Engineer: 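Here it is, the structure, as structure tokens.
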Protein chains: 2
Amino acid sequence: MTTHNEWPDLVALELLVSVAETGSIRQAAMVHHISQPAASVRIRGLESALQLRLVERHTTGARLTPDGLAVVGWADKVLAAMRALASGARALRLDEDSQLRLAASLTVAEYLLPTWLAPLYATTPAAVSLRMANSEEVAALFARDEVDLGFVEGASLPDGLQGRTVYRDELVVVVAPGHPWSKRRTPLTAAMLADAPLVSREPGSGTRQVLVHALARVGLAPTIAVELASTTAIKAAVGTGLGPAVLSRLAVAAELADRRLVAVPVTGLNLTRSIRAVWRARSELSAPARALLGAIAAKASVSG
Amino acid sequence: MTTHNEWPDLVALELLVSVAETGSIRQAAMVHHISQPAASVRIRGLESALQLRLVERHTTGARLTPDGLAVVGWADKVLAAMRALASGARALRLDEDSQLRLAASLTVAEYLLPTWLAPLYATTPAAVSLRMANSEEVAALFARDEVDLGFVEGASLPDGLQGRTVYRDELVVVVAPGHPWSKRRTPLTAAMLADAPLVSREPGSGTRQVLVHALARVGLAPTIAVELASTTAIKAAVGTGLGPAVLSRLAVAAELADRRLVAVPVTGLNLTRSIRAVWRARSELSAPARALLGAIAAKASVSG
DNA sequence: CCCTCGTTATAATCAACGCTTATGACTACG
DNA sequence: CGTAGTCATAAGCGTTGATTATAACGAGGG
């Protein structure tokens, strides 16, 4: 046989993600600068390779099936790994002082950092290595010179380090435009949010931890109806009316702007946390570290 | 332009990994059932796409350049993510009770579990979700029914759980056949190991933590000369004589068997740790959980 | 009630990529 | 000094994948 072990097509995975984001095969094709039939046949090829129905074709557009949403979750991780490879290779090629050693808490590393690193891939290439550590461990890592830039939550600033608050993360409840909640003017109560069947990341995700913690403070716990493996998949699921979700405002800024998703006000819950970048006092930041901080600042000013 | 954003070729990445493992383009081609010129042109295409020299061609074989080793580290992660996608898609297709929710300590999750999950991809497909948690947290996760199977280190067994020791991990010092240490009969001392420039994973890796801890017990610290992002890359680097490395015996079993690498005895250090699988008492294990335990047992009996 | 816009599927055509086989050059080893 | 192993190059060819044009279908507005 000619092809014994064929991998899923990377371009098809990208197209599938774009379909999840745009709700249309044609628009996904435009994003990737190919014709609509080309995108159609590629996605069809992916479906036949995986032997799964990923997309519900409708004459009004295309929606992802539940299987499709799950595949988008995995596809996001594949594409992230590939972007890391491309970025690292660029760094090697340009032979910059491109080592960027990061340390971050689990929550920052899992959810916020990927968002921040995305623009870095396009501009300043760097061989990024990431170490997970809590705030106390970060100080020890700096003492041993094992890290260039760290991210901590909370107010205390370890000795010998300087820092800057780079982000105040705010979680928002989002629903599809047709959802009953979408026209509310009176805020939701914490109890109403806790009782609603939510679409969420898996346990251990930073966003989910913040939600659980905020509800626990008022003696409640969330009701999780569906778990998906990536934020893109969750946004697509919410858009198809699967249910409300709680996501970082940063992650849904674009969808809120063009009303593909609607934010629902909530009262009686503190759904924020502040993140601070820290680095060695009396020390210059490396080029990629400065680029990362700049990218974070730019992103914050756009969305905030 | 026709191709604006082209991804690196996945098959070429696989070939590069195989070159790292076999030391020859031709043998890498045989692994993937293609002809030698096809493999050659594909790797050359990867080099031109990344604009990096990845492979040193020699008439006696092919060795990876330092850049090539780094790329192998990233490529391993891309391929792992892609295998997870393929495995998850298989699970969806067969519609099994294929949810397998795992909880493991950071060390187990980072190093041991990937090895254990690899055979699972080929046999019983499962949508694997992994949560990192220490031994105490694992008990809480079981209480909330958020996990099917856990992995803990240490001797104590939490209430309400049954368990089985699945692995006694042993780290070994490995060098290339030509290395001065390769013919030693008297074991190394801990001090000699600490002074040698090692090839290692990044800080935070489970294997590295065990090494650091074992040396710290006798008042020493390792000397890390080169950091690479995957075990495959480290094995290739050691094979080219870059220096000794400390790796799990499981990871180097094949290389030790055909003498591509040589194990060096060490004295005065405890480089072992035992890992125990735990699950709910008075409860049946799911099909994928049983498959995973079976795969672990099979792997242990082969390598031990 | 109909028309128009936007969406997806199908068909025909053509260019380009990638694999295979065959061959040559070079090196290490016995 | 020959043999076995390695990689590079060239020629031939099949297959894949892209484009354009067209048809069919549903929703929303006049």
Side-chain angles (χ1 to χ4, degrees), chain A residues 1-16 18-49 53-65 68 177-178 239-241 258-260, chain B residues 1-16 18-49 53-65 68 177-178 239-241 258-260:
Chain A
M1 64 192 77
T2 340
T3 59
H4 178 230
N5 185 21
E6 264 306 330
W7 288 111
D9 181 5
L10 276 176
V11 179
L13 294 181
E14 276 193 300
L15 282 168
L16 190 70
S18 294
V19 170
E21 288 169 346
T22 64
S24 147
I25 292 181
R26 178 170 195 276
Q27 290 177 41
M30 292 178 65
V31 169
H32 292 276
H33 309 98
I34 62 175
S35 68
Q36 172 262 319
S40 198
V41 67
R42 267 200 126 108
I43 291 181
R44 189 176 293 281
L46 180 64
E47 286 180 316
S48 107
R53 198 62 181 270
L54 303 176
V55 176
E56 262 183 32
R57 277 89 167 167
H58 216 230
T59 71
T60 165
R63 282 146 97 97
L64 293 194
T65 64
T240 65
D258 59 8
R259 307 272 308 164
R260 271 175 295 164
Chain B
M1 64 192 77
T2 340
T3 59
H4 178 228
N5 185 19
E6 265 304 333
W7 288 111
D9 180 6
L10 277 175
V11 179
L13 294 182
E14 276 193 300
L15 282 168
L16 190 69
S18 294
V19 169
E21 288 169 345
T22 64
S24 145
I25 293 180
R26 174 183 168 77
Q27 289 177 40
M30 293 178 65
V31 169
H32 293 276
H33 308 100
I34 62 176
S35 68
Q36 171 262 318
S40 197
V41 67
R42 267 199 125 109
I43 290 180
R44 188 174 293 280
L46 180 65
E47 286 181 315
S48 109
R53 200 61 183 270
L54 303 176
V55 176
E56 264 182 32
R57 278 88 167 167
H58 216 229
T59 69
T60 164
R63 285 147 96 97
L64 293 193
T65 65
T240 65
D258 59 8
R259 306 274 308 166
R260 270 175 295 164

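All values reported here derive from a predicted model rather than from experimental measurement. Every chain is numbered from 1 and lettered A, B, ... according to where its sequence line falls, protein lines coming before strand lines.
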Engineer: For the pair made of CG in B/D9 and P in C/dC17, what is the distance, rounded to whole Å?
Structural biologist: 13 Å
Engineer: Sequence neighbours excluded, which residues qualify as side chain to side chain contact (heavy atoms under 4.5 Å, CB included) partners of A/A39?
Structural biologist: A/L15, A/I25, A/A29, A/I34
Engineer: Got a sec, which residues hit side chain to side chain donor-acceptor pair (under 3.5 Å) with B/S18, two or more places apart in sequence or on another chain?
Structural biologist: B/H32
Engineer: Just N and O in the side chain of A/R57: are any of them under 4.0 Å from OP1 or OP2 of C/dA9?
Structural biologist: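 A/R57 to C/dA9 OP1/OP2: side-chain N or O found under 4.0 Å.
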Engineer: In whole angstroms, how far is the P atom of C/dA16 from the CD atom of B/E6?
Structural biologist: 15 Å
Engineer: Starting at CG of B/L15 and ending at C1' of D/dC7, how long is that distance when rounded to a whole Å?
Structural biologist: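 After rounding, the gap between these two atoms is 15 Å.
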Engineer: If you look at every heavy atom in A/L10 and B/P8, which pair is closest and at what distance?
Structural biologist: CD1-O, 4.0 Å
Engineer: Report yes if a side-chain nitrogen or oxygen of B/R44 is closer than 4.0 Å to either non-bridging phosphate oxygen (OP1 or OP2) of D/dA8; otherwise report no.
Structural biologist: yes
Engineer: The criterion is side chain to side chain contact (heavy atoms under 4.5 Å, CB included); which residues satisfy it with A/T65, sequence neighbours excluded?
Structural biologist: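 Checked A/T65 against side chain to side chain contact (heavy atoms under 4.5 Å, CB included); matches are A/R53, A/E56, A/D67.
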Engineer: Using whole Å, what does the distance between atom C1' of nucleotide C/dT20 and atom CE of B/M30 come to?
Structural biologist: 16 Å
Engineer: Out of D/dC7, C/dT8, C/dA9, which has the shortest distance to the side chain of A/S40?
Structural biologist: C/dA9
Engineer: Under 4.5 Å between any side-chain heavy atoms of A/L54 and A/I43, yes or no?
Structural biologist: no
Engineer: Would you please confirm or rule out a distance under 4.0 Å between OP1 or OP2 of C/dG6 and any side-chain N or O of A/R26?
Structural biologist: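 For C/dG6, OP1/OP2 do not have a side-chain N/O of A/R26 under 4.0 Å.
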Engineer: Within the structure shown, what part of the strands sits under 4.0 Å from B/E56 by heavy-atom distance: base, sugar-phosphate, or nothing?
Structural biologist: nothing
Engineer: Tell me, please, which residues at least two apart from B/R57 pass side chain to side chain donor-acceptor pair (under 3.5 Å).
Structural biologist: B/E47
Engineer: Report the distance from atom CZ of B/R63 to atom P of C/dA28, rounded to the nearest whole Å.
Structural biologist: 12 Å
Engineer: Grab the NE2-P distance between B/H32 and C/dG18 for me, whole Å please.
Structural biologist: 17 Å
Engineer: To the nearest Å, how far apart are A/W7 CH2 and D/dT16 C1'?
Structural biologist: 21 Å
Engineer: Could you pull out the protein-nucleic contacts involving nucleotides 19-26 of chain D (nitrogen or oxygen on both sides, under 3.5 Å)?
Structural biologist:
residue, atom, partner, partner atom, Å
D/dT19, OP2, A/S35, N, 3.0
D/dT19, OP2, A/S35, OG, 2.6
D/dG26, O4', A/T59, OG1, 2.5

Engineer: Among all residues two or more places apart in sequence or in another chain, which pass the side chain to side chain donor-acceptor pair (under 3.5 Å) test with B/R26?
Structural biologist: none
Engineer: Can you tell me how far C1' of C/dG18 sits from CG of B/L46, to the nearest Å?
Structural biologist: 16 Å
